[in-house]
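Since the structure comes first, as structure tokens, the remarks are kept for the end.
For the single chain, residues carry numbers from 1 onward in sequence order.
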Amino acid sequence: MREWWRDAVIYQIYPRSFQDTTGNGVGDLPGITRRLPHVASLGVDCIWLSPIFTSPQKDMGYDVSDYTDIDPLFGTLSDFDDLITTAHDLGLKVITDQVLSHTSDQHPWFKASRQDRTNPHADWYVWADPLPDGSPPTNWHSHFGGPAWEFDPGRGQYYLHNFLASQPDLNFHNPDVVDAILATCKFWLDRGLDGFRLDTVNYYFHDKKLRSNPAADANPQVMATDLYGMQHHIYDKTRPENLGFLEKLRRLTDQYDDIMMVGEVGEMGDRSIEIMGEYTAGSDRLHMAYSFAMLGPDWEPAHFRRCIEGFQKGAPDGHPKWSFSNHDVPRHASRWADRSVSADAAARQSIAMLCSFEGTIGIYQGEELGQTETTLTYDELTDPPALRYWPAVKGRDGCRTPMVWEKDAANAGFSTGTPWLPVKPPQAANAVNVAEQTNDSTLHHYREVIAFRKANPALTLGKTTFIDLPDPVLAFTRKAADQTLTCVFNLSDKTHTLTVGDTSITGPHHAALLGDKLTLPGNGFAYLTGAPKVA
């Protein structure tokens, strides 16, 4: 029997910004439960919840201080159980963000570890002596700026943190740490969770010899605001020991029915596709993986082809998950504006394209509304990198502003209080209640395209073969059993016409077929039946 996740559509919910039921300006679990019918109406199969566990919230929950409880900001374990029950009743699976590579510095494990060098938790984190001149042990950088090492005067040593200094990295070379982490995962599986989204899945292990990273090949000036990108990260992440831990985690999940793990590969470019393949190869590692390969500025046909063909080649038995937006990158309706007729046109084309990709797909809350990036001022920011490096770094708050439910309600129906990030008029204009009342809205288009994907075996089971066409047209066939569909996308804001032979258009489209000529307006797309000769 084919596993549920292989052609699933996963909907990411950012709990802080979905629905507030208490008036404190922060979304919560009861709010998510209340709005699940909207999610189910899209035709998706699963929801992914960004972190909801106990946390000081220095990095919006990605700094966990208790792996086995819900942060009071979001509710209680009982609220979590209610959410699971409601989701399952609606036919939705539920996965949560598991942040296993590091904890908060407020976690009891770290509080004990930093006391001295001999306590039972002393080796649960990555500690190292200063170099003879007092500098950090390696040249490794933090994603959030500065060295990846913080000096602790109590121990007289540095500890490793790939993100904030308040997010110390666990030492996965210690088997006690591995056992403890596996126990926390088991806790949630026993509670009825359907799987995990594994944050920074290639960061678990570090080089035990603490070797410094070499410089990257790229011109350093290109990365003037991104020191992290100026290194080849061969010693501080993606270590070979990672695979052994993934296999242990897979053995745990295999003890349950229908569990799925999807790993976030923290890497860019072709290397990210290679890691996706490596981490999903065989049947004893991740069920699937995704990277930032399609979460950047690239919107050229060659880029998407390179990503998909690279995965096909690197992991013929692996399984990918593709997404265009999430809580860490600018919304794609804005990100790809320079090649789009409008935000709505980009949104409509992007879901049609995503639904035609082989593998599992993910959408981020608000995408179904054609939501755009929110422009924020410095005083409105909460994101640590933006606060530190503004204005060179805009941060991630612009894609995290609250979900908009009712255009004319206070805060667009998100909260009766002051929201943690502002709801601004351009975003409120895309509210769910407006989209529901408009027959040709992006919301209705999302439902139509997702339903079309599910109804056509070529799009859920079919293999992909690309057609050689010049930029800006992306075209490929998906073939399964007796069905073949040719998927054609004009990734520009200018009209293009193709000769396609004897064929017809099926399903949702933004194109016109006259004789053997297919006219694609800016951001146009079409699914063609049979095996047309596209040129």
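Judged by distance alone, the side chain of N213 and the main-chain N or O of Y235 form a donor-acceptor pair under 3.5 Å. When atom types are taken as modelled, the side chain of D383 and the backbone of D397 share no donor-acceptor pair closer than 3.5 angstrom. No donor-acceptor pair closer than 3.5 Å links the side chain of D176 to the backbone N or O of A180. In this structure, the side chain of S323 does not engage the main chain of S325 through any donor-acceptor pair within 3.5 Å. Between the side chain of E358 and the backbone N or O of T464 there is at least one donor-acceptor pair closer than 3.5 Å. Side-chain N or O atoms of R239 include none that pairs as donor or acceptor with a backbone N or O of F205 at under 3.5 Å. The backbone N or O of F163 lies less than 3.5 Å from no partner atom in the side chain of Y62, so there is not a single donor-acceptor pair. Panel note: side chain H287, backbone M260; no donor-acceptor pair is recorded below 3.5 Å. With hydrogens and angles disregarded, a donor-acceptor distance shorter than 3.5 Å links the side chain of N523 to the backbone of V341. Put simply, the side chain of Q231 gets close to the backbone of N139: a donor and an acceptor are under 3.5 Å apart.
The two atoms that bring S17 and Q365 nearest to each other are O-NE2, 3.3 Å, heavy atoms only. Summarising the geometry of R285 relative to A281, their closest heavy-atom pair is CD-O, 3.9 Å, with the distance given to 0.1 Å. The two residues T372 and A343 make their nearest non-hydrogen contact at CG2-CB, 3.6 Å. When all heavy atoms are compared, the tightest approach of H327 to R400 is O-NE, 2.8 Å. Taking every heavy atom of both residues into account, G277 and F311 meet most closely at N-CE1, 3.8 Å. Closest non-hydrogen pair, T486 versus T477, comes out as OG1-CG2, 3.3 Å.
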L520 and L498: side chain to side chain contact (heavy atoms under 4.5 Å, CB included), yes or no, with the steps?
CA-CA 8 Å; L520 297 164; L498 303 173; 4.1 Å; yes

_side chain to side chain contact (heavy atoms under 4.5 Å, CB included) between L193 and F80, worked out_ = CA-CA 10 Å; L193 197 64; F80 176 83; 3.9 Å; yes

Go through the steps to decide whether T103 and Q167 satisfy the test side chain to side chain contact (heavy atoms under 4.5 Å, CB included), and finish with yes or no. CA-CA 5 Å; T103 71; Q167 293 171 292; over 6 Å; no

Stepwise side-chain hydrogen bond (donor to acceptor under 3.5 Å, both in side chains) test for Y290 and T360: CA-CA 9 Å; Y290 82 100; T360 302; over 6 Å; no

**Q.** side-chain hydrogen bond (donor to acceptor under 3.5 Å, both in side chains) evaluation trace for T138 with R211
**A.** CA-CA 6 Å; T138 71; R211 288 170 282 190; over 6 Å; no

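Side-chain N/O atoms of K479 and T465 include no donor and acceptor closer than 3.5 Å. Side-chain contact of Q255 with T253: a donor-acceptor pair under 3.5 Å is absent, judged by distance alone. A donor-acceptor contact under 3.5 angstrom links the side chains of Q12 and S50, judged on distance only. N242 and N202 share no side-chain donor-acceptor pair at under 3.5 Å. In this model, no donor atom of one side chain and acceptor atom of the other lie less than 3.5 Å apart for T506 and T529. Looking at H88 and D194, their side chains do bring a donor and an acceptor atom within 3.5 Å of each other. A donor-acceptor pair shorter than 3.5 Å cannot be found between the side chains of R478 and S356. If you check the side chains of Y11 and E368, you find a donor sitting under 3.5 Å from an acceptor. Side chains of S342 and D344: no donor on one and acceptor on the other come within 3.5 Å. Using modelled atom types, one finds no donor on one side chain facing an acceptor on the other under 3.5 Å when comparing W4 with D258. Side-chain contact of E267 with S291: a donor-acceptor pair under 3.5 Å is absent, judged by distance alone. Checked by atom type, the side-chain pair D63/S55 shows a donor-acceptor distance below 3.5 Å. For the residue pair Q483 and N456, a side-chain donor N or O sits within less than 3.5 Å of a side-chain acceptor on the partner.
Side-chain contact between N162 and S142: absent, with no pair of heavy atoms (C-beta onward) separated by less than 4.5 Å. In this structure, the side chains of R348 and Y446 stay at 4.5 Å or more apart for every pair of heavy atoms.
In this structure, K454 pairs ionically with D45, as a charged nitrogen and a carboxylate oxygen lie closer than 4.0 Å. Using a cut-off of 4.0 Å between Lys/Arg side-chain N and Asp/Glu carboxylate O, D59 and R396 are scored as salt-bridged. With respect to the salt-bridge test (charged N to carboxylate O, under 4.0 angstrom), the residues E367 and R331 do not qualify. A salt bridge does not link D207 to K237: none of the charged side-chain nitrogens sits closer than 4.0 Å to a carboxylate oxygen. Salt-bridge check for R2 with D7: passed, with a basic side-chain N closer than 4.0 Å to an acidic carboxylate O. A salt bridge does not link R339 with D298: every distance from a Lys NZ or Arg NE/NH1/NH2 to an Asp or Glu carboxylate oxygen is 4.0 Å or more. A salt bridge between E264 and R197 is present, with a side-chain N of the basic residue lying under 4.0 Å from a carboxylate O of the acidic one. Using a 4.0 Å cut-off between charged nitrogen and carboxylate oxygen, E274 and R271 count as a salt-bridge pair. The existence of a salt bridge linking E241 and K208 is excluded, since no basic side-chain nitrogen approaches an acidic carboxylate oxygen closer than 4.0 Å.
Aromatic ring centroids of H319 and W5 lie under 6.0 Å apart.
How far CG of L485 is from OH of Y527: 8.5 Å, rounded to the nearest 0.5 Å. Atom CG of N174 is separated from atom OH of Y125 by 11.5 Å, given to the nearest 0.5 angstrom. To the nearest 0.5 angstrom, T184 atom OG1 is 4.5 Å from I181 atom CD1. Taking CD of E448 as the start and CZ of F452 as the end, the distance is 9.0 Å to the nearest 0.5 Å. Rounding to the nearest 0.5 Å places CG of N171 at 9.5 Å from CG of L160. Residue L42 holds its CG atom at 5.5 Å from CD1 of I363, rounded to the nearest 0.5 Å.
Applying ring-ring contact (aromatic ring centres under 6.0 Å, His included) to W188 and the options F196, F53, Y256 leaves one that passes, F53. Among the candidates H102, H233, H143, the single residue satisfying the ring-ring contact (aromatic ring centres under 6.0 Å, His included) test with Y203 is H143. Applying ring-ring contact (aromatic ring centres under 6.0 Å, His included) to F304 and the options F476, W322, F324, F489 leaves one that passes, F324.
Under a cut-off of 6.0 angstrom, the local environment of CG in D482 is sparse, with at most 12 non-hydrogen atoms contributed by other residues, nucleotides or ligands. Residue D502 places its CG atom among 12 or fewer non-hydrogen atoms of other residues, nucleotides or ligands, all under 6.0 Å distant.
Between H332 and W336, the ring planes lie tilted relative to each other; the angle falls in the 30° to 60° range.
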